[in-house]
Visitor: 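Take a look at this one; I'll ask things after.
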Amino acid sequence: MSISLDEQPIQDNYHTEKKPFLSYLTEDWWAVILGGFLISLVVYFYGLGYTIDLPVYKWATLDDLSEKIFSADNILKIFGVWVVFLSLTTIAIALSGGKVKRFILGFTFIYVVSIFSFLIGGNKNVSYYGLEYVVFALLIGILLGNLVQLPQWLKEAVRSEFYIKTGLVILGTTILSADLVKAGLPGILQAIVVVSAVWFFSMWLSRKLKVDDEFGVILASAVSICGVSAAIVAAGAINGDKRKLSYVTTLVLIMAIPMMVLQPWAVKFFNIPEVVGGAWLGGTLDTTATVTAAGDLIGPIAVKAGVIAKFSQNVFIGVAAFLIAIWWAYKKPKKSNGEIAIQKGNGIGIVWERFPKFVIGFIAASLIFSFLLSAETSKAVVPTLSGLRTVWFAMAFVSIGMEAKLSSLIKLQEGKPAVVFGVAQLFNIFWTLLWAYILFGGYIFEVPDFK
């Protein structure tokens, strides 16, 4: 969303009135700056011959916990990531007119909760069931946000979109042209058929149930493309209500939990071919991480097919942002006095104003890693960048949980958006399974060889 860091609703009661220095830098641009800086830093150190080692969170026994996770070296790495992230975000907050002291306290608390979610998700027995840090970060955030009154110093750091947008810029380093080639025609066709059909079905259902178009666009994008990331992009493209975005992200993550467990079970119970099952997971689950976790419960072929299908679908993030921004600018002009009015002026300018600027960082990172950096460099630095991205995402999900009010799932527009999301997700599950069979089952193309 094109709003500055000091304009978040949750903080309206205690932000200063002074005009921020560099006020023209919106939240999106700060995400690009911070994400771009971290990418450049990692690549620069690699060029000097240094590899940045991140903390580890995988453990199976209490001995692992004490010797690996709580070792002096690992704790020092956890502290180092905190110092870097806090320094960068504090600069952004300070130059945006935020409450720096409050932010430092709140950021530190959210970071600690995020590390705790990594520790839970890193347990071998927990990860066996496909439960990731995302689930625990969200659940802890929901408990905090719904059971206790958040103090003002914590609210200052509850900036879910800022964190996830920065993570999305870094995500661009993993969406490479080579991955799209590997996806092949079946994966690309599945992405086109699934995204377009599910998006329009969801919008149709939203209008049938009299859910407003702003809500409908965010819901449709989340269900059809890739969950939280697509919801953030869609909301940014239309300057959507942050409460509606928080609502949708809560629905996405709540729905993801049973899907990660039940879909792999269904693949095995109904003897669905492994490659088809993987493509099914890639087309319905919302992140590469959840696809990988669920695919592991089926087999290695399912993991490869799922990740490839997911890569094909992720490409639609940028495309969707561009098309939604154009459509919304012309169909739903900005409200000046509470009424929809025809807005005169430069149409391209309107689209640019509403276009989520962090997507530029996402696309730039993808192009740089696809065409400017050597394959050796990309392969070497992407694991580190992916690790940094998961920290941003964990902090975003903790914040989303704190912002989400479970009572709103029923109260907001009489619970109709939740009904739309649930029905659209069911349609998505069966529609994607059909096309996974058609495209990956040998009916049109040869069965892909992922061995």
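We're numbering straight along the sequence, starting at 1.
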Visitor: Measure the OG1-CE distance between T390 and M395 for me, rounded to the nearest 0.5 Å.
Guide: 12.0 Å

Visitor: Assess the residue pair D63 and K68 against the criterion (side-chain contact (heavy atoms from CB on, under 4.5 Å)); give the C-alpha distance rounded to whole Å, side-chain angles, the decisive distance to 0.1 Å, and a yes or no.
Guide: CA-CA 8 Å; D63 288 338; K68 292 170 57 178; over 6 Å; no

Visitor: Of all heavy-atom pairs between A234 and I324, which one has the smallest distance, and what is that distance?
Guide: CB-CD1, 4.1 Å

Visitor: May I ask you to decide if the ring planes of W392 and F85 are parallel, tilted or perpendicular, using 30° and 60° as cut-offs?
Guide: parallel

Visitor: Decide side-chain contact (heavy atoms from CB on, under 4.5 Å) for V252 and F421; before the verdict, give the C-alpha distance in whole Å, the side-chain angles of both, and the deciding distance to 0.1 Å.
Guide: CA-CA 8 Å; V252 168; F421 186 89; 3.7 Å; yes

Visitor: So, do Y133 and Y57 have ring centers that fall under 6.0 Å from each other?
Guide: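 Between Y133 and Y57, the centre distance exceeds or equals 6.0 Å.
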
Visitor: Determine whether S366 and T173 make a side-chain contact, defined as any pair of heavy atoms from C-beta on separated by less than 4.5 Å.
Guide: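 Side-chain contact under 4.5 Å: no.
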
Visitor: Does the side chain of T284 pick up a donor-acceptor pair with the side chain of Q263 at under 3.5 Å?
Guide: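 Yes.
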
Visitor: Please answer whether the main-chain N or O of I429 pairs with a side-chain N or O of T432 as donor and acceptor at a distance below 3.5 Å.
Guide: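 Answer holds: no.
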
Visitor: Hydrogens and angles aside, do S374 and T377 bring a side-chain donor and acceptor to less than 3.5 Å of each other?
Guide: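 Side-chain D/A pair, S374 to T377: present.
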
Visitor: Determine whether a donor-acceptor pair (N or O, by modelled atom type, separation under 3.5 Å) exists between the side chain of W435 and the backbone of V194.
Guide: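 Not at all, since once roles are kept as given, no pair shorter than 3.5 Å links the two residues.
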
Visitor: Are the side chain of N428 and the backbone of V198 linked by a donor-acceptor contact shorter than 3.5 Å?
Guide: no

Visitor: Using the rule given for side-chain contact (heavy atoms from CB on, under 4.5 Å), can you reason through F427 versus V423, listing the C-alpha separation, both sets of side-chain angles and the distance that settles it, and then say yes or no?
Guide: CA-CA 6 Å; F427 173 77; V423 174; 5.7 Å; no

Visitor: With salt bridge (Lys or Arg N to Asp or Glu O under 4.0 Å) as the criterion, how do K58 and D64 come out once you've worked through the C-alpha distance, each side chain's angles and the decisive distance to 0.1 Å?
Guide: CA-CA 8 Å; K58 300 292 184 183; D64 288 340; over 6 Å; no

